Visitor: 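Dumping the structure here so I can ask a few things about it.
Only heavy atoms go into these numbers, but all of them, side chains included; no hydrogens, no water, no symmetry mates. Source: prediction; values computed, not measured. When a ligand or atom number is given, it counts from 1 through the structure's own listing order. Positions are given from 1, in the same order as the sequence printed here.
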Amino acid sequence: MPGSERVEEAVSAAVSHALPHTEGAVADYIPTLAEADPGVLGVALAEVGGEVHERGDSRLEFSIQSISKAFVYALVCQELGHRAVHDRVGVNNTGLPFNSVMALELNDGHPMNPMVNAGALVTTSLVPGATPARQWDRIRRCLGAFCGRELEVYEETYRAESRTNGRNRAIAQLLASYGRLDGDAEAVVDVYTRQCSLAVTTRDLAVMGATLADGGVNPVTGQQVVPASVCRDTLAVLASTGLYERSGEWLFEIGLPGKSGVSGGILTVSPGKAGIAAFSPRLDAAGNSVRAQRVTAHLSRSLGLDVFASTAATTTEDHTHDQS
Ligand code: GLN
């Protein structure tokens, strides 16, 4: 990572670069999300050394939505291991929207990956716990450890989504009909809806991302939340599926694993370096925040974080030397 001052400058520049972008629309299929102020923009970058750089509305709370999927996946990977999760949930992109029923039908009821709703429902059903209440408690505590503080549910969002989540309930029933869901389908959807309604800030997301970047150690609290191998698996999945059917474009532009949520957050991880979070509610057609994408692209480029970028290790003179 470049020095602190350069990171500060880059974060400020990323905000100025993203602010003029007012295209896109706030999600309205969950009633409380439609009330979000479209003008807000929060940015936070948490380094693995524990330093956090913040700008704009970085302390404003919003529901975590799909970004929770990454962390519940990490929890289940820790409990069940690499192979079992791979077999039950999968790691391949569906190429279809996050709430697609078609994706299930085309794949013999296999959810394909944990970052779309079908795969996330299966992942949530796999969380250890004798009852849905115990599973929920486990999820809330785990996500809290990732961000270093106790998290609470946005009750209003939870209730609004519970009233309007017919599509997720249909997906859960379909998974159950294929024999691919453990437990009661309605109860699984309820726990999933709660996990999506957890209130977080942009700063929280950056610290959660920094924990994934730091071999599972939260750089602010020092707690080992999950093993390093679980972070590695989670980031590999995010790279291929974190932005749904736009994951290829995301990787091409930004070169880092990321995860978006329909409330307007995007979390990006630079392995070994930092967690980057941006929040602004206007979304593109795939449900990804327009400004958060702009902020992240700017930071990835200006801080040299793209994992696919390289420069020649040796000059022509060095080559001569290498061959000796
Ligand atoms: N809770 C939302 C849903 O299930 C999450 C979707 C998202 O953030 N993309 O539809």
Visitor: Please tell me if the side chains of W250 and T268 come closer than 4.5 Å, counting only heavy atoms from C-beta onward.
Guide: yes
Visitor: Side chain or backbone of N168 under 4.0 Å from ligand 1, or both, or neither, by non-hydrogen atoms?
Guide: side chain
Visitor: Are any of the side-chain nitrogens in D214 or K273 under 4.0 Å away from the carboxylate oxygens of its partner?
Guide: no
Visitor: What are the atoms of ligand 1, with element, lying closer than 4.0 Å to any heavy atom of G261?
Guide: 8 (O)
Visitor: What atoms of ligand 1 come within less than 4.0 Å of a heavy atom belonging to E161?
Guide: 1 (N), 2 (C), 3 (C), 4 (O)
Visitor: Atom OH of Y192 and atom CG of N165: how far apart are they, to the nearest 0.5 Å?
Guide: 9.0 Å
Visitor: Is the shortest N/O to N/O distance between Y244 and ligand 1 below 3.5 Å?
Guide: yes
Visitor: Show the atoms of ligand 1 that are less than 4.0 angstrom away from any heavy atom in Q65.
Guide: 1 (N), 2 (C), 5 (C), 8 (O)
Visitor: For ligand 1, indicate whether the residue C196 contacts it via side chain, backbone, both or neither (heavy-atom separation under 4.0 Å).
Guide: side chain
Visitor: Say you draw a straight line from CD of Q65 to CD of Q195; how long is it, rounded to the nearest 0.5 Å?
Guide: 10.0 Å
Visitor: Which word best sums up how the rings of H86 and H82 line up, parallel for under 30°, tilted for 30 to 60°, or perpendicular for over 60°?
Guide: parallel
Visitor: For ligand 1, is any non-hydrogen atom under 4.0 Å from R167's backbone (N, CA, C, O), its side chain (CB onward), both, or neither?
Guide: neither
Visitor: For ligand 1, which part of N117 has a heavy atom less than 4.0 Å away: the side chain, the backbone, both, or neither?
Guide: side chain
Visitor: So that I can tick it off, tell me whether E150 and R140 are bridged by a salt bridge, with the cut-off set at under 4.0 angstrom between side-chain N and carboxylate O.
Guide: yes
Visitor: Could you tell me whether I30 and ligand 1 have an N or O pair separated by under 3.5 Å?
Guide: no
Visitor: Which residue owns the protein heavy atom closest to atom 10 (O) of ligand 1, what's the atom, and how far is it?
Guide: Y29 OH, 2.6 Å
Visitor: Which heavy atom of L243 sits nearest to which heavy atom of K259, and what is that distance?
Guide: CD1-N, 4.2 Å
Visitor: For atom 7 (C) of ligand 1, what is the nearest protein heavy atom, given as residue, atom name and distance?
Guide: S66 OG, 2.7 Å
Visitor: I'd like to know if R301 pairs up with E253 as an ion pair, taking the criterion as any Lys NZ or Arg NE/NH1/NH2 lying under 4.0 Å from an Asp or Glu carboxylate oxygen.
Guide: yes
